[in-house]
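Here's the structure we're looking at; comments come further down.
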Amino acid sequence: MKLKYALLTSLLISCSTLWAEPSNRVFISNEKDDTVSVIDLKTNEVVSTIDIGERPRGIGLSPDQTQLYVAISEEDAIAVVDVATLGIIKKLQSGDDPETFDVAPNGHIYLSNEDDAQASVIDTKTGDIIEVIPVGIEPEGVAVSPDGSLVMVTSESTNMIHVIDTAQHKVVKNILVAARPRGLAFSSDGSLAYASSEVGNEVAIIDTKTLSIIKHSAIDVPNSKPMDIAVSPDDKTIYVTTGRGNSVAVMDAKTLELKANVPVGKRVWGVDITRDGQFLYTADGVSSTVSVVDTSSLKTIKTIDVGKFPWGVVIDD
Amino acid sequence: MKKMKQLGLLLLFIWPQFVLANVIEVTLHYVGPTDGQIWAGVQQGLTEANLQGQFLGQNYAVQATTIDELKTIPTEQVTAILLATDANTVLDVAGLQQFAQTPVFNLASAANELREACLGNVLNIPLSEQMKQDAIAQWQVKNEDTPVHAQGWHEDFVKFAASQLNTRFTRNHQSKMDDDAWAGWAAIKMLSDSVARTQNTDGDAMLKFLKNDLSFDGQKGYTATFRNSGQLRQIVLLVDEDNNIVAEAPLRGVAGGLDSLGLVSCR
């Protein structure tokens with residue numbers, strides 16, 4: 001019995017060292033001034049700014065949330081930041097012009113190389129690019145399924161979603177969608193994926209078993225050019241940034257019915273949602289702000305000045 | 001058991017061929033110079049069409065031909081005709097009985113007459129003279145002291161992923177994309193995207209799809225569609241004497257949007 005306690009205690013201790021406490025901060029990549037803005041989740045104030053490297057765009061966290069990854073496109077690299085100290089630990093080679101990426105549960109980074117029509121896989125432990133997968137022209141959005149078995153990549157100029165099987169790192173299906181597909185997101189159980197099409201002004205739902213489109217719908221918002229997508233933790237709602245529509249479209253995750261349209265800053269791009277589903281943080285490119293949207297009242301409750309042309313958002317909570 | 005094994009082996013060998021047999025072969029017919037910017041644009045479009053086709057099961061070829069040869073090709077073998085010729089040749093080809101329901105693309109001529117003719121099978125990719133004049137007039141309302149000219153494309157155009165298209169065109173063709181190159185690229189690209197969506201290479205089906213259901217990303221903003229006149233709706237770039245892009249028409253606040261430029265409807 002005592003042994004059991006000892007084991008449990010050691011297990012708990014090792015867990016707490018492995019899984020650091022979240023920093024309760026929001027990280028924003030600012031494409032045009034080569035920085036990352038760090039916002040405190042409680043006060044919604046910028047608490048720090050990191051000089052990150054040239055043209056930061058895609059942004060994400062390691063599975064244990066101790067490291068922040070930022071694609072620095074002009075340096076053909078991913079900057080790795082210690083979330084606790086906010087210092088840059090290293091820069092990983094990423095292949096040409098990395099744009100967007102997602103991090104798999106095993107820690108691998110899957111990223112799109114915009115100018116080379118390919119997706120690359122980086123082993124973050126060794127820093128090696130372990131696979132390069134040809135995809136369509138101008139690959140953009142990347143999302144890894146929650147169990148890590150599938151990766152989806154959109155190709156903007158060839159209007160496809162490429163589905164990659166991570167076991168063999170091969171494209172197993174190509175799904176044609178409306179013009180200029182951009183953002184991708186999975187439901188929490190991985191059964192559905194959502195894809196936005198910027199020029200076609202559509203959102204499509206993909207069944208991840210059959211890998212086919214089960215529903216698609218236009219977004220009835222003036223000037224809408226849908227970009228990034230966040231899924232509510234209960235999987236009932238999706239939040240789609242509308243680019244030049246300067247808003248977040250709130251849609252039913254099953255029917256794609258537009259439930260609300262929340263105005264945010266100009267040319268809104270990236271979005272992330274807090275773990276409890278209460279708040280959205282949006283990167284408003286032209287306004288150089290981050291908007292905080294309360295998902296209960298469906299109102300922007302705060303607008304925060306950040307760097308120039310904020311692009312991506314990730315929340316460490 | 002042995003039979004199962006045989007069946008399995010048989011399937012293993014037949015399956016890849018079955019998949020390959022499903023590839024749609026598409027030949028597009030082209031009349032015009034096989035050098036210069038329009039041809040380079042066509043080749044860029046073809047490269048991109050085949051990159052998409054490699055994933056979705058289409059294989060595209062562009063066959064350069066002459067008007068005389070074209071007349072001998074049966075209707076059912078022609079998905080679309082691409083003409084980098086003068087306006088009269090476009091009118092002649094469009095008037096041929098055998099191609100009455102076939103898309104005939106004008107890649108080169110700005111002649112207003114081609115739009116005013118309102119032919120059901122002609123698709124005009126370049127700007128018309130009228131569109132250019134209207135765009136310049138919009139600019140001059142507030143900027144009469146700054147002379148500009150109108151272009152459909154520009155090597156320094158960045159927005160709407162134009163810079164990505166400029167980059168890959170220059171990488172492949174060692175020249176800068178201009179109106180002509182864009183017209184060649186856009187025609188092939190909208191054709192390949194339409195074949196991928198319809199899985200149909202018949203000329204009449206293609207013409208219907210292009211005129212009614214097209215939602216094309218020309219990498220210059222908006223989704224591009226055709227007017228009844230056969231003119232592609234698109235923005236117009238206004239360029240000053242130092243070759244700088246100074247504005248995009250329709251200018252902000254002008255009523256009618258893209259339809260404030262050029263002939264809008266047929267009588």
Side-chain angles (χ1 to χ4, degrees), chain A residues 31-32 55 73 96-97 99 112-119 133-140 153-164 170-182 197-202 213 216 218-219 222-227 243-244 267 285-286 309, chain B residues 19 22-24 44-58 60 158-172 185-186 188-199 213-225 233-235 248 250 252 257-258:
Chain A
E31 183 178 1
K32 294 220 169 136
R55 201 177 180 203
S73 302
D96 193 37
D97 199 17
E99 182 161 3
S112 54
N113 299 107
E114 187 177 33
D115 278 349
D116 283 346
Q118 65 191 30
I133 304 157
V135 292
I137 299 170
E138 290 177 43
E140 166 85 26
V153 179
T154 59
S155 57
E156 289 180 291
S157 192
T158 33
N159 304 332
M160 286 179 280
I161 296 168
H162 307 277
V163 184
I164 296 165
K170 288 221 160 61
V171 172
V172 291
K173 179 93 182 195
N174 301 285
I175 306 166
L176 197 61
V177 292
R180 196 153 277 269
R182 303 277 314 216
S197 288
E198 178 187 353
V199 168
N201 185 32
E202 272 195 11
I213 297 172
H216 61 106
I219 301 179
N223 301 318
S224 167
K225 285 178 174 264
M227 303 277 171
R244 286 157 199 268
R267 201 83 58 79
V286 169
F309 225 87
Chain B
V19 172
N22 266 353
V23 170
I24 300 177
Q44 181 63 31
L46 187 62
T47 302
E48 298 185 17
N50 278 321
L51 206 148
Q52 187 192 44
Q54 166 198 317
F55 290 103
L56 297 173
Q58 296 92 32
Y60 298 92
V158 169
K159 282 164 73 174
F160 311 116
S163 65
Q164 282 87 341
L165 177 55
N166 275 326
T167 300
R168 59 182 189 264
F169 179 80
T170 299
R171 187 158 64 180
N172 291 344
W185 171 85
I188 302 286
K189 196 83 184 209
M190 70 175 71
L191 280 163
S192 61
D193 205 56
S194 301
V195 170
R197 289 179 197 285
T198 60
Q199 299 284 305
D213 301 311
L214 184 71
S215 170
F216 175 65
D217 172 23
Q219 306 205 192
K220 51 190 281 190
Y222 301 93
T223 153
T225 54
R233 289 186 180 90
Q234 58 192 294
I235 60 169
E248 294 155 25
R252 208 168 282 181
L258 290 179

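Every chain is numbered from 1 and lettered A, B, ... according to where its sequence line falls, protein lines coming before strand lines. All values reported here derive from a predicted model rather than from experimental measurement.
Of all heavy-atom pairs spanning A/R180 and B/A161, the tightest one is NH1-CB, 3.2 Å. Nearest heavy-atom pair across B/S215 and A/A179 is O-CB, 3.8 Å. In terms of heavy atoms, B/Y222 sits closest to A/K225 at N-NZ, 3.7 Å. Of all non-hydrogen atoms in A/M160 and B/F55, the two that sit nearest each other are SD-CB, 3.7 Å.
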Handout entry: Trace of the side-chain contact (heavy atoms from CB on, under 4.5 Å) decision for B/Q164 with A/D115
Key = CA-CA 7 Å; B/Q164 282 87 341; A/D115 278 349; 4.2 Å; yes
Practice task
Apply side chain to side chain donor-acceptor pair (under 3.5 Å) to A/N159 and B/D217, showing your working.
Solution key: CA-CA 9 Å; A/N159 304 332; B/D217 172 23; over 6 Å; no
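The shortest side-chain heavy-atom distance between B/Q52 and A/L176 falls under the 4.5 Å cut-off. Between B/E48 and A/S157, some side-chain heavy-atom pair lies under the 4.5 Å cut-off.
Taken to the nearest 0.5 Å, the OG1 atom of B/T223 stands 11.5 Å off from the CD atom of A/E198. The line from CD of A/E138 to CD of B/Q219 is 4.5 Å long, rounded to the nearest 0.5 Å.
Neither the backbone nor the side chain of A/K173 comes within contact range of chain B; no heavy atoms are under 4.5 Å apart.
One N or O on the side chain of B/R197 and one on the backbone of A/V177 form a donor-acceptor pair closer than 3.5 Å.
For the pair A/D116 and B/R171, the salt-bridge criterion is met [side-chain N within less than 4.0 Å of a carboxylate O].
Checked against B/L56 for a side-chain contact (heavy atoms from CB on, under 4.5 Å), the options A/T158, A/N174, A/I175 give a single hit: A/N174.
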